[in-house]
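First comes the structure, then the notes that go with it.
Heavy atoms only: backbone and side chains are in, while hydrogens, waters and symmetry mates are out. Keep in mind it's a predicted model, so treat the numbers as computed, not measured.
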Amino acid sequence: MEVQFLGGADEIGRSAVLVSGGDRSSGSRAGSDDASLLLDYGMASESPPQYPIGDIDPGAVVVSHGHLDHAGAVPALMSSGDLPPVHWTPPTRELATTLAEDTLKLHGSTPRCPFTDTDVRRLTQASVTHGYEEPFEAAGYEVTFYNAGHIPGSAHVLIDDGETRLLYSGDFHTGDQRLVAPSTARPEADAVVCESTYSDVTHDARDSVEKRFVDSVKQTVWQGGTVVVPAFAIGRTQEIMLVCAAHDIDCYVDGMGQRVTDQLKRHPAFLRDADALAGATSSARFVDGRDGQRRRIADQNTVIITTSGMLSGGPAMTYVPAIRQHPTNKIAMTGYQVEGTPGRDLLETGSAELDGRVMPVSAQVEQHDFSAHADRNGLLSFLDSYRDTPVLVNHGDRCGGFAAELREDGFSASAPALGETVEL
């Protein structure tokens, strides 16, 4: 088995790993490299955007989860005559399609969108869904999904060619979240491709993070202020909704997170507590944005959960400017802010470019670490089951450093470079 890193090597974004050398007797397509299996095909939302390298025509595609950096470029694989089957869990299929439609809406016919609406329609034809721990065949390999604990439908991917078993971690979390159960599966493997996003970070305990967030939000509301909570549409919006519902905090929900919430409710088997999400949805007030609704809400003594999570667009472009001048108000960031984004600028400088204008912000600005990734301890806990197994480190900005630390701890670990092929 050979594993080639087409993206996500020593970087976060455009994840893509090509597995080749499988049984060529089954699962083939005319004109394709029928024994090649592509794991993820994402994009990096930089300017200009970055996509996986190489011109590939895989026999099949497997997608670990529905985030832009892992699934955002999958429709671009549909432009050839023959469609590779695309395997994923039901939530991942729905979330990835939503992302594709949103990318088309925002950036269609520009370099920021490498596919067309026809490609998205063809992706629906190519889609094949599977549940956890239900083995299936793809491009001559036996493939099995295991809960990765990252977002609903996220999966560790086990690939078996009859001689070698490769475990691709995707993004995963071993800690508590309200939305999804933590990853506990540790299938037997001969090699592991492991993410390393937070390999040098120790997250605070989730209950402590939640308490600080709840106390902060309640204090601002009690003082008469408005709290804007920028949140990623997939996973984070629903997590914050669940936190608010659990602590009797009234909230509005705006942006694409509303649509995603409705989608996730259709897949209760992939949620930690489907009834809790239904209850949180019932107690929240969804916003349609018509007739100046957002500006009226911004004047209320309330909590607003809204996209985008990094202040790069969406309804936040109305809410943040509306509340920015009053120091009683608060902007509570809930996710990692990529360097160069307005959210990162706001945290570091107290001002940000919002909707085309650089604006100073007098409102309080906080960062709350509701990460859905394993931290250093979580990564080591996961890898402890694979001490006698070669580990290939990817999806991080210090992959080489983490691989070196693993070697010092007795692991056989390396950090492949972009374009490198590793033979197992």
Do His395 and Tyr198 have their ring centres less than 6.0 Å from each other?
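When the ring centroids of His395 and Tyr198 are compared, they turn out to be at least 6.0 Å apart.
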
Taking the six-membered ring for Trp, are Phe145 and Phe136 closer than 6.0 Å centroid to centroid?
yes

If you measure from [atom1] on [X] to [atom2] on [Y], what distance do you get to the nearest 0.5 Å?
| X | Y | atom1 | atom2 | answer |
| --- | --- | --- | --- | --- |
| Phe286 | Cys251 | CZ | SG | 8.5 Å |
| Leu166 | Leu39 | CG | CG | 7.0 Å |
| Phe172 | Asn147 | CZ | CG | 12.0 Å |
| Phe411 | Leu380 | CZ | CG | 7.0 Å |
| Ser15 | Asp171 | OG | CG | 6.5 Å |
| Thr334 | Phe213 | OG1 | CZ | 7.0 Å |

Kindly indicate whether the side chain of [X], heavy atoms from C-beta on, has any atom under 4.5 Å from the side chain of [Y].
| X | Y | answer |
| --- | --- | --- |
| Tyr252 | Thr302 | yes |
| Val260 | Leu95 | yes |
| Leu38 | Val17 | no |
| Met241 | Thr281 | yes |
| Cys244 | Ile240 | yes |
| Tyr336 | Ser371 | no |

For [X] against [Y], the heavy-atom pair lying closest together:
| X | Y | result |
| --- | --- | --- |
| Ala372 | Gln177 | CB-OE1, 3.6 Å |
| Ser308 | Pro230 | O-CB, 3.5 Å |
| Met333 | Gly309 | CE-O, 3.9 Å |
| Ser216 | Glu366 | OG-OE1, 2.7 Å |
| Glu101 | Val120 | CG-CG1, 4.4 Å |
| Ala71 | Gly66 | CB-CA, 4.4 Å |

Hey, is [X] close enough to [Y] for a salt bridge, meaning N to O under 4.0 Å?
| X | Y | result |
| --- | --- | --- |
| Asp40 | Arg14 | no |
| Arg266 | Asp262 | no |
| Arg259 | Glu94 | no |
| Arg376 | Asp200 | no |
| Asp117 | Lys105 | no |

Residues [X] and [Y]: side-chain donor-acceptor under 3.5 angstrom:
| X | Y | result |
| --- | --- | --- |
| Trp88 | Ser127 | yes |
| Thr89 | Thr92 | yes |
| Glu134 | Thr144 | no |

Kindly check if the number of other-residue, nucleotide or ligand heavy atoms within 6.0 Å of [atom1] ([X]) is above 12?
| X | atom1 | value |
| --- | --- | --- |
| Asp291 | CG | no |
| His247 | NE2 | yes |
| Arg290 | CZ | no |

Please name all residues satisfying side chain to side chain contact (heavy atoms under 4.5 Å, CB included) with Glu142, sequence neighbours left out, ordered by chain then number.
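Glu142 satisfies side chain to side chain contact (heavy atoms under 4.5 Å, CB included) with Pro135, Asp160 once adjacent residues are dropped.
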
Please list, one pair per line, the donor and acceptor atoms closer than 3.5 Å that link side chains of residues 354-365 to other protein atoms, with sequence neighbours excluded.
from   : atom 1 : to     : atom 2 : distance (Å)
Gln364 : NE2    : Pro327 : O      : 3.1

Is the His67 ring parallel, tilted or perpendicular to the His65 ring (thresholds 30°, 60°)?
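Ring orientation of His67 relative to His65: perpendicular.
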
Can you tell me how the ring of His267 sits relative to the ring of Phe270, calling it parallel under 30°, perpendicular over 60° and tilted otherwise?
perpendicular

